[in-house]
Number of protein chains: 2
Amino acid sequence: MPIQAHSGSAKGSLRIIPLGGQEEVGRNMTLFEYGGDIVILDMGMMFPEEDMPGIDYIIPNISYLKGKEKNIRGVILSHGHLDHIGAAPILLRQLGYPPIIGRDMTLAMVKKKLEDFEKGSAQNLKTIRVKSVEDKLRLGKFEIDFFEVEHSIMDAVGVIIKTPDGTVIHPGDWTMEKTPDGKRLVDYSHLSKLPSPRILMLESLGAIVTNPSRTTEEEMYHNLEKLMSEATGKIIIGTFSSQIRRIGHILEYAEKIGKKVALDGYSMKMNIDIAKELGYIKMHKETLITVNDLHKYPENKVVIVCTGAQGEGNAVLSRIITDNHRFIKVKKNDTIVFSSSVIPGNERTIQRLKDNLYRKCDNVIHSDIMDVHTSGHCSAMDIQELLRQVRPDFFIPVYANHYMLKEAEKLAVRIGFRKENIFVMDNGHVLEVQKGGAKLLPKKVDTSYVMVDGLGVGDVGQVVIRDRQVLSADGMFVITVILDSKKKEVVGNIQITSRGFIYVKDNFDLINETKRRVQKAIKDTTSKKTSPEKKFIEDNIREVVGLYLFQQTQRRPMVLPVIIEV
Amino acid sequence: MPIQAHSGSAKGSLRIIPLGGQEEVGRNMTLFEYGGDIVILDMGMMFPEEDMPGIDYIIPNISYLKGKEKNIRGVILSHGHLDHIGAAPILLRQLGYPPIIGRDMTLAMVKKKLEDFEKGSAQNLKTIRVKSVEDKLRLGKFEIDFFEVEHSIMDAVGVIIKTPDGTVIHPGDWTMEKTPDGKRLVDYSHLSKLPSPRILMLESLGAIVTNPSRTTEEEMYHNLEKLMSEATGKIIIGTFSSQIRRIGHILEYAEKIGKKVALDGYSMKMNIDIAKELGYIKMHKETLITVNDLHKYPENKVVIVCTGAQGEGNAVLSRIITDNHRFIKVKKNDTIVFSSSVIPGNERTIQRLKDNLYRKCDNVIHSDIMDVHTSGHCSAMDIQELLRQVRPDFFIPVYANHYMLKEAEKLAVRIGFRKENIFVMDNGHVLEVQKGGAKLLPKKVDTSYVMVDGLGVGDVGQVVIRDRQVLSADGMFVITVILDSKKKEVVGNIQITSRGFIYVKDNFDLINETKRRVQKAIKDTTSKKTSPEKKFIEDNIREVVGLYLFQQTQRRPMVLPVIIEV
């Protein structure tokens, strides 16, 4: 039973509700409720899983907010990555456009996202700009402060959410870089002075990353720079369009060594446009060229940065490899760099991509060979370090699979935290913080998937998904029968149409025998009942044909009888 | 153009042809041809890729052997894993049961495989037993010798294929274990004394495994033993059924510490049965119990070894977690060990499996936490070490993706090999070795996929697969129309049946408008031509409806018009 929509939180108690729907708890959206006021952190989208064919993406389920729209005081956006802002176009509209709060880059990206989704919709946005981490904000009964964090995109910001009953500290996505002499770049110890109880909600994706030899940004940049300056042909760097800081660095370095850069990939160009406009990438206009001007420069004077390093079929890198790119052809002496991690599930596709690249090019560089990528997320040791600096009263590991959160709990216990002060939550769990204590409420809010497919939001449910799974496994088998509604006899020929099952043309015997059995099934049904319902005849055909086809082929296509009475 | 079937190899030239069809070159099957005689190494199966919905498995394409069946002198089987013997039931039958050659465990597994596939078929087998690596064999013009290799299954054997024009050395799958004092367990230097030209075909899957801190078998066993002896509840170890040596070790150690072992998983029980019968696992009968007897023993006295560590929906571990296992329920103080690697593509499924296990159990152990698995394959350094020991004249890296083979080539060049003596082949490539030289022939043999789906072998082709992909993405939309064949007018109602697209019941407007457009499309078509063909009308409906549905939903279901003329 989900919590009732209108119950609200008790006066003088802070409720914390991670939303989402997928495994990574709270990554896409978190609700904070205090005395009737609601503040939202992030509105991200998730990518569908393998067993959701045809689904474009998934957005957080906001049914808990139905009827409470007027209580929403604001939506804070921690940074501009899609898993934190991608659902904003749909959710902001559904919630009547509450004000959004964020730094420049983040706000600019949300605005662009809205315009891409529906032209003109960005004019509905009400924005509150965070000019510096010194800014303070009041949203209803909440006091909002900010702090610096490091992440792979500019303008990521940590959030402090103060209520009389508790202070939430939430860095969002974060990493901990070290300088070459081993010092941390950002210090969090000032957060330990915030009022108690301090509740640290901490991205713990790195809880299982215990290898101390993590590549630093510095090492990665050093390797990329070396490759760029030594390349004797053109150099193609595949990375995520979200790696805006890295792409900016590549642009600046290319300018330094006198090379031109062409970006390819819609989202990448868009992101870099925004970063340039805001002055976050410092370069001459002439350094950036378009792909159709590449031929004007010597090959050893150009750098191409593009998307598609995950092997996405229609992305730039795939088009280059299959010779379907109008302006870029790979040569043996080119250098191709995968400056990206492998998103779980894409392993085999990327292996095939590498196979094809190695066939065309002698210098393919990826993480197995050289450190040309580093994660923008924390490690196990970073988690412990941050816990030591902030010294929270309660620790809520978030933004990771349940099993990683449990490992984060162990990390905390190992440095002296008491287990009863750690809360491993699921999406939809409600943590109530009151009078210095915190407890999980017994009831969860609804977090079932809201799937987006084409223009449909939430209209594809489990039935449609299951049908797609069945159709994909063994195809379909449509049997069309015209039935004389009085005599209950088949008129004319039974027609069989099949797709994804077998070649009908190669299997005349199977088809003819199937037709014979359909005839018989109809006769059997109509002879038993004087006036059987159409559905009854259809069910009978489905059963008889399904069984026969399985016996003959060991396959289970979706059998679909269509009976038309005349 | 494939090589013509009857051409054969020139007299006095050795032809080497890796077959398969998938990325890992030669892993599943390799042909050797000399003066009209043919010897085959292995007959393995491959698992389908993500874009092959519904396919059970893939077998090597043997169209090159059509018409040459009588030339096949024997099929040597390097070891009993499915990627080396799994296609034997189908291929041996197709080739008229040539003799198979292997060690005891391998032959027993093939026999079992044939019986599982078709009862009674094992009696067709002609077997030649390799009793020891000292055995020598003549197969037509080939002389066959053997040598010891290490792998994760018993009775793996390396093969030497001698012809007057060249000596092929092929270890099959292999790893290089070290003793605690750093010595190699198996030495290959005697192979350097074989007659020249020596052609080393070497599994090079490990070419990109450059991390020197590979877990040794010894470390892994030490960790597993520690977990087994310290477990205060029952211990459940998930692993591959193919890890026969490891399961044997677990059985023997359990006996030593007075615990009982229950195996669960059909293939695992089958494999261990065979190993026990052959005396490869030394234990008392009473150590092994059945899962339905588990309740008779104290929880801290039992070890369960089961399949399903890849998250396969119907396998044992998944059934345990979803409380669908009749005899095994997980408790908080149990210990669950993932003694397995992650097969590429299964990452997210396994993460979900771990999430659910962590919810039920406080002691879940996997490779992120402790070294409880080690690969049965070589590393980059092992490849270099073996090359140094064997000193081949020609090096053919095999059993890996093209990009890994290219990296293996680099490894060889780095220790002094000349690039022109290294051949990175694709499946279907033909290497001709003659008079001390070797060259790739310009034409490849056919290696297109042969897919097995249910009882069908090779009857599912690209068209069926493509239909399944379309059906899975956006479902289907069947339009049934009865047409008066004379008047060319629609009789009665147009019927719409849809699956995997949208809920028809929620979308009456869309359906009604579609019907209206179908009516109009038919009228437009029939008014233009006096007697249009049915196919012409169908194409028109498909186009009009496809466009309309896409405009309305941004989805592209498979539109299937069925016109019945009366």
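So you know, we letter chains A, B, ... as the sequences are listed, proteins then strands, and number each from 1. As a basis for the values below, the full set of heavy atoms in this structure was taken, side chains included, without hydrogen atoms, waters or symmetry mates.
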* By a 4.5 Å heavy-atom criterion (distance strictly below it), what part of A/Pro48 contacts chain B: side chain, backbone, both, or neither? -> backbone
* To do: Name, in order of residue number, those residues of residues 349-357 of chain A that have a heavy atom at a distance of less than 4.5 Å from a heavy atom in chain B; otherwise write 'none'.
  => A/Thr349, A/Gln351, A/Arg352, A/Lys354, A/Asp355
* Segment of B/Arg556 engaging chain A (4.5 angstrom heavy-atom cut-off) -> neither
* Enter the distance from A/Asp467:CG to B/Ser472:OG here, rounded to the nearest 0.5 Å. => 12.5 Å
* Asked: Charged N to carboxylate O below 4.0 Å: is that the case for B/Arg555 and A/Asp459?
  -> yes
* Among the options A/Arg466, A/Gln469, A/Met558, pick out the one with the most heavy-atom pairs lying under 4.5 Å from chain B. => A/Met558
* Asked: Near B/Asp116 CG, under 6.0 Å, is it more than 12 heavy atoms from other residues, nucleotides or ligands?
  -> yes
* Measure distances from B/Ile343 to the heavy atoms of chain A and classify the residue's part below 4.5 Å as side chain, backbone, both or neither. => neither
* Taking atom NZ of A/Lys332 as the centre, report whether more than 12 heavy atoms of other residues, nucleotides or ligands fall under 6.0 Å from it. => yes
* To do: Let me know if A/Gln551 has heavy atoms under 4.5 Å from chain B in its side chain, its backbone, both or neither.
  => backbone
* Greatest number of heavy atom pairs closer than 4.5 Å to chain A - which of B/Asp56, B/Thr480, B/Ile465 -> B/Thr480
* Go through the atoms of A/Asn507 and report whether side chain, backbone, both or neither lie under 4.5 Å from a heavy atom of chain B. => neither
* Any side-chain heavy-atom pair of A/Val209 and B/Asp368 under 4.5 Å -> no
* To do: Can you tell which part of B/Phe501 gets under 4.5 Å to a heavy atom of chain A, answering side chain, backbone, both or neither?
  => backbone
* Asked: Under a 4.5 Å heavy-atom cutoff, which of A/Val460, A/Val478, A/Leu560 has the most pairs with chain B?
  -> A/Leu560
* Might you confirm whether atom CZ of B/Phe47 has over 12 heavy atoms from other residues, nucleotides or ligands at distances under 6.0 Å? => no
* To do: Calculate, to the nearest 0.5 Å, the distance between atoms CD1 and CD1 belonging to B/Ile564 and A/Ile494 respectively.
  => 10.0 Å
* **Portion of A/Asn346 that has a non-hydrogen atom of chain B nearer than 4.5 angstrom** => neither
* Quick one: what part of B/Ile208 sits under 4.5 Å from any heavy atom of chain A, side chain, backbone, both or neither? -> both
* Which atom pair, heavy atoms only, marks the closest approach of A/His402 to B/Tyr358? -> CD2-CB, 3.8 Å
* Pick one of side chain, backbone, both or neither for B/Met52, based on which atoms fall under 4.5 Å of a heavy atom in chain A. => neither
* To do: Enumerate by number any residue of residues 403-410 of chain B whose heavy atoms lie under 4.5 Å from heavy atoms of chain A; in the absence of such residues, state 'none'.
  => B/Tyr403, B/Met404, B/Lys406, B/Glu407, B/Lys410
* So does B/Asp51 have more than 12 non-hydrogen atoms from other groups sitting under 6.0 Å from CG? -> yes
* Identify which part of A/Thr497 has an atom lying under 4.5 Å from any heavy atom of chain B, answering side chain, backbone, both or neither. => side chain
* **Side-chain heavy-atom pair A/Thr553, B/Leu455 within 4.5 angstrom cut-off** => no
* Do you know which of B/Val566, B/Leu471, B/Val491 has the most heavy-atom pairs with chain A at a distance under 4.5 angstrom? -> B/Leu471
* **Choice from A/Asn401, A/Asp426, A/Ile502, A/Val464 maximising heavy atom contacts with chain B below 4.5 Å** => A/Asn401
* Engaged part of A/Ile369 at the chain B interface, taking heavy atoms whose separation is under 4.5 Å -> side chain
* Check whether any side-chain heavy atom of B/Arg499 lies under 4.5 Å from a side-chain heavy atom of A/Met476, and answer yes or no. => no
* To do: Under 4.5 Å heavy-atom distance to chain A, tell me which part of B/Gln552 shows up: side chain, backbone, both or neither.
  => backbone
* CA sep, side-chain torsions, deciding dist, call: A/Val562, B/Val562, side-chain contact (heavy atoms from CB on, under 4.5 Å) -> CA-CA 10 Å; A/Val562 179; B/Val562 178; over 6 Å; no
* Measuring heavy-atom distances to chain B, does A/Val463 have an atom under 4.5 Å in its side chain, in its backbone, in both, or in neither? -> both
* Take A/Arg468 and B/Asp474 through the side-chain contact (heavy atoms from CB on, under 4.5 Å) test and state the conclusion after the steps. => CA-CA 7 Å; A/Arg468 287 182 185 176; B/Asp474 284 320; 3.9 Å; yes
* Between B/Gly454, B/Gly461, B/Ala473, which has the largest tally of heavy atom pairs under 4.5 Å with chain A? -> B/Ala473
